[in-house]
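Below is one structure; the comments refer to it alone.
If you read the sequence from its start, that first residue is 1, and numbering goes on from there. This is a predicted model, so every value here is computed, not measured.
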Amino acid sequence: QVQLVESGGGLVQAGGSLRLSCAASGRTLGSNVMGWFRQAPGKEREFVAAISWSGGITYYADSVKGRFTTSRDNAKNTVYLQMNSLKPEDTAVYYCALHSGISSYYSVEYYDYWGSGTQVIVSS
């Protein structure tokens, strides 16, 4: 079993920055890809970013490319999402998740474990 706990969310003005953390416990993250997703009220959960085990390969949604950066510290079993130039449309609950190792990194159904989320609100 893996437990994932997100932190770092909050209220920020448009143009500001936040850094989310996702701490894993229960077992090491191993060689799995870690993903970030978000869900705004009334909308489906959507892919934001993902990062390979080594951290050398990253994937981003077009909507956040150039503004968000994901990284990981395997020694600390922690993954990060640095969010810069935030926009009101980035407002959502942000989740980290552990990929199953099978198929697409962009789809929620291929992630086995999820955190409970952290709220990000960007005011205009």
Over all atoms of both residues, closest heavy-atom pair of [X] and [Y]:
X	Y	result
Leu4	Ala24	CD2-CB, 3.6 Å
Thr118	Gly8	OG1-N, 4.2 Å
Val33	Ala50	CG1-CB, 3.8 Å
Thr91	Gln119	CG2-NE2, 4.2 Å

Next item on the list: Give the cluster check for Val108 versus Tyr111: same hydrophobic cluster or not, with ILVMFWY residues linked at side-chain heavy-atom distances below 4.5 Å.
Entry: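 In one cluster with Val108: Tyr111, yes.
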Item checked: Positive for ring pair (Phe, Tyr, Trp, His ring centres under 6.0 Å) with Phe37, one of Tyr94, Phe47, Tyr106, Tyr95 ->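 Running ring pair (Phe, Tyr, Trp, His ring centres under 6.0 Å) over Tyr94, Phe47, Tyr106, Tyr95 with Phe37 returns exactly one hit, Phe47.
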Starting at [atom1] of [X], measure out to [atom2] of [Y] and round the result to the nearest 0.5 Å.
X	Y	atom1	atom2	value
Ser17	Phe68	OG	CZ	9.5 Å
Asn77	Gln3	CG	CD	11.0 Å
Ser124	Gln13	OG	CD	9.5 Å

Next item on the list: Return yes if some donor-acceptor pair links the side-chain N/O of Arg72 with the main-chain N/O of Ser52 below 3.5 Å, else return no.
Entry: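 A pair under 3.5 Å: yes.
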Item checked: Heavy-atom donor-acceptor pair, Thr70 side chain to Tyr80 backbone, under 3.5 Å ->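 It does hold such a pair.
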Notebook entry, point to check: Should the pair Tyr105 and Tyr59 be assigned to parallel (<30°), tilted (30 to 60°) or perpendicular (>60°) ring geometry?
Noted result: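 Tyr105 and Tyr59: tilted rings.
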Next item on the list: Evaluate the ring planes of His99 and Tyr110, with Trp represented by its six-membered ring, and classify them as parallel (under 30°), tilted (30 to 60°) or perpendicular (over 60°).
Entry: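 Rings of His99 and Tyr110: tilted, as their planes differ by 30° to 60°.
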Within 6.0 angstrom of [X] [atom1], more than 12 heavy atoms from elsewhere:
X	atom1	value
Glu109	CD	yes
Lys76	NZ	no
Ile57	CD1	no

Checklist line | Salt-bridge criterion met for Lys87 and Asp90 (N-O under 4.0 Å) | finding: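 No salt bridge links Lys87 with Asp90.
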Checklist line | Note, Leu20 side chain near Glu6 side chain (heavy atom, < 4.5 Å) | finding: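 A side-chain contact is absent here, since even the closest heavy-atom pair is not under 4.5 Å.
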Notebook entry, point to check: Does the side chain of Leu11 come within less than 4.5 Å of Ile121's, by heavy atoms?
Noted result: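 Yes, at least one pair of side-chain atoms sits under 4.5 Å.
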